[in-house]
There are 2 protein chains.
Amino acid sequence: MTRENWTIIRDEISRDIRSGRLSAGDQLPTELQLADRFEIGRHSVRRALEALAREGKISIEQGRGTFVADTPRLTYQIGKRTRLRRNLIPQGVDVTSQLVSAVRVAAPDEIAQALLLNSGAQVLESQRITLANDVPVAFGSAYHCAERFPDFAERRDVLGSTTDTYRSFGIEDYVRLHTSIYSRSAKPDEAKTLKQHVDVPVLVVTAIDATPDGTPISTSRVIWSAARVTFTMEQSDG
Amino acid sequence: MTRENWTIIRDEISRDIRSGRLSAGDQLPTELQLADRFEIGRHSVRRALEALAREGKISIEQGRGTFVADTPRLTYQIGKRTRLRRNLIPQGVDVTSQLVSAVRVAAPDEIAQALLLNSGAQVLESQRITLANDVPVAFGSAYHCAERFPDFAERRDVLGSTTDTYRSFGIEDYVRLHTSIYSRSAKPDEAKTLKQHVDVPVLVVTAIDATPDGTPISTSRVIWSAARVTFTMEQSDG
DNA sequence: GTTCATTTGTGCGTATGTATA
DNA sequence: TTATACATACGCACAAATGAA
């Protein structure tokens, strides 16, 4: 079995990126130019680019061109005390998080169960998007009991940190109770929100936070770009 | 934007699988038959099948045909006390794990660091593959200090369980110290080992286990089929 | 605001290679 | 050996998004 055409160009571009011959943000030649240069069909070029996009090494943008990705992989540490900002900022990453929407809804079953609420109880769904160096890395929703935290989203927006917001509700400390992670392919709208190619998979992270005595205070479901994050867990306190 | 051709057939097959009209193990029509039936080109059919394979819903086998996947997604719980067998067997899954090879090697830097050994110390690398209901779900290597656990792999093979093997070395209990997870696309040989399509991504899980006092006893690097597993973590003891 | 060239996205037809039974 | 079915590959046409004239 001789090497397939498309893997040759994939590996060459990949090597050029690693070696620094192509650097973050650089525009690649167009598909036709690459096809010309490597003397292969455009299909093979597209296949190579698709593979690189899936690995998060390049970013393909219709109508504009193809660029070397400029988003290094983050390490996100999940531990007993998981804190977004304390986690990412030490990596020299500028982390911001924006409130997209906040609505009161009747809790879906799995949300009610996670928060130990009666089925159909009112919860506050806060949808947020997280950016690292202005690049989206994750988005999703957190759910809080609407009775206990009626204006959680507003306070969170003003205070700028989840830890401070809980404190304003009289909760001095909180811990991660449960986390689950699985990988799947991205839906078109998810890819759009994360400003990434549809072919890049996502990691779906579901979590439950609680007060130190074990009372659940929030549950969340967050979609992460699989190419932009590595999760680590310290089982001995975090 | 009207729906793309290939998403139509992808969604129809996906629906047929969910509804039970196609059941696990069933063979799908050939690509040409599907192209005929949906009145689209074979390229579009292949694209749809590729997407389904990537999600783990079907299994494409060159020369044989395309089949509905018969491997449900496992839930693998990572906790302070992570135990493969205790984890998977309660799900009604028949878990077996086979020793592929066991060799003494000079520890690569990251292995030596994880085990707190001197750079270049001898370690035992045990390569294993894990099957659930006879389908491969993961494979990888565990590393033990060769001085302390000279015949770990042999004992593990005879005793059939890691917990019992440690016990035979006088270690009554061990805990998970650290775990990291990231997603990437599969390499051709990894896909082959996992008997899955190259397009299905893998999850790379690196872990360190230790005695309860925090002394590292093993580190491992395991490649999981992203389509066949969900990881969950209980931060309060596991 | 519109038009136009550029660039990526979708789609079809066809030929040939490779793995399996 | 032969037939079947998936894999790779090329060429071509047109659609859709972007950005500049």
Side-chain angles (χ1 to χ4, degrees), chain A residues 1-13 25-54 57-69 185-189 191-193 195-200, chain B residues 1-13 25-54 57-69 185-189 191-193 195-200:
Chain A
M1 185 171 72
T2 69
R3 268 281 284 300
E4 294 100 331
N5 275 348
W6 69 271
T7 64
I8 296 173
I9 161 169
R10 177 198 61 189
D11 294 344
E12 172 137 349
I13 295 179
D26 282 4
Q27 179 161 14
L28 270 65
T30 69
E31 295 176 350
L32 284 171
Q33 288 168 343
L34 288 170
D36 256 25
R37 180 191 304 177
F38 287 89
E39 297 182 301
I40 58 176
R42 190 160 81 102
H43 280 310
S44 300
V45 172
R46 283 180 59 73
R47 189 157 173 190
L49 296 179
E50 185 188 319
L52 292 167
R54 189 173 292 129
K57 290 182 178 154
I58 63 174
S59 134
I60 305 176
E61 298 168 35
Q62 183 175 359
R64 294 221 312 135
T66 304
F67 306 84
V68 179
S185 36
K187 295 168 188 167
D189 58 311
K192 193 160 283 184
T193 303
K195 289 186 184 155
Q196 71 179 19
H197 199 272
V198 235
D199 289 329
V200 181
Chain B
M1 185 173 72
T2 68
R3 268 282 284 300
E4 294 102 330
N5 274 350
W6 68 273
T7 64
I8 297 173
I9 161 169
R10 177 198 61 189
D11 294 344
E12 172 137 349
I13 295 178
D26 282 4
Q27 179 161 13
L28 270 64
T30 69
E31 295 176 349
L32 284 170
Q33 287 168 344
L34 287 169
D36 255 27
R37 180 193 303 176
F38 287 90
E39 296 180 302
I40 58 179
R42 190 160 85 98
H43 281 310
S44 301
V45 172
R46 282 181 60 75
R47 190 159 174 189
L49 295 180
E50 186 187 318
L52 291 168
R54 190 172 292 127
K57 289 181 179 155
I58 63 172
S59 134
I60 304 177
E61 298 169 34
Q62 183 176 0
R64 295 219 314 134
T66 303
F67 306 85
V68 178
S185 35
K187 295 169 188 165
D189 58 310
K192 193 160 284 184
T193 304
K195 288 187 185 155
Q196 71 180 19
H197 200 272
V198 228
D199 288 331
V200 180

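Just so we're on the same page: letters track the sequence lines, and every chain starts at 1.
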Heavy-atom pair of closest approach, residues [X] and [Y]:
| X | Y | value |
| --- | --- | --- |
| I9(B) | I40(B) | CG2-CD1, 3.8 Å |
| P29(B) | R37(B) | CG-NH2, 3.4 Å |
| A186(A) | V200(A) | CB-O, 3.5 Å |
| W6(B) | A51(B) | CZ3-CB, 3.9 Å |

Can you measure [X] atom [atom1] to [N] atom [atom2] for me and round it to whole angstrom units?
| X | N | atom1 | atom2 | value |
| --- | --- | --- | --- | --- |
| E31(B) | dA9(D) | CD | P | 16 Å |
| I40(A) | dA15(C) | CD1 | P | 22 Å |
| N5(B) | dA16(D) | CG | P | 12 Å |
| Q27(B) | dT20(C) | CD | C1' | 12 Å |
| I8(B) | dT10(C) | CD1 | P | 13 Å |
| E50(B) | dA5(D) | CD | P | 21 Å |
| E4(A) | dC6(D) | CD | P | 18 Å |
| W6(A) | dT8(D) | CH2 | C1' | 10 Å |

Would you say [X] places a side-chain N or O within less than 4.0 Å of OP1 or OP2 belonging to [N]?
| X | N | answer |
| --- | --- | --- |
| T30(A) | dT6(C) | no |
| R64(B) | dA21(C) | yes |
| H197(A) | dT8(C) | no |
| S44(A) | dC10(D) | yes |
| R47(B) | dT10(C) | yes |

Is [X] touching bases, backbone alone, or none of the nucleic acid, heavy atoms closer than 4.0 Å?
| X | result |
| --- | --- |
| L32(A) | nothing |
| G63(B) | base |
| L49(B) | nothing |

Of the listed nucleotides ([options]), which one gets closest to any side-chain atom of [X]?
| X | options | result |
| --- | --- | --- |
| H43(A) | dC10(D), dC6(D), dT20(C) | dC10(D) |
| R42(A) | dC12(C), dT8(D), dT10(C) | dT10(C) |
| R46(A) | dA19(C), dT10(C), dT20(C) | dT10(C) |

Distance criterion of 3.5 Å, no angle test: do you see the side chain of Q62(A) paired donor-to-acceptor with the base of dA16(D)?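 Donor-acceptor pair under 3.5 Å: yes.
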
Report the C-alpha separation of R46(A) and E50(A) in whole Å, then their side-chain angles, then the decisive distance to 0.1 Å, and conclude whether the salt bridge (charged side-chain N to carboxylate O under 4.0 Å, His left out) test is met. CA-CA 6 Å; R46(A) 283 180 59 73; E50(A) 185 188 319; over 6 Å; no

E39(A) or E61(A): which one's nearest nucleotide on DNA chain D is closer to the 5' end? E39(A)

Quick check on side chain to side chain contact (heavy atoms under 4.5 Å, CB included): which of V45(B), T66(B), I60(B) does L28(B) satisfy it with?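 When side chain to side chain contact (heavy atoms under 4.5 Å, CB included) is applied between L28(B) and each of V45(B), T66(B), I60(B), only T66(B) qualifies.
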
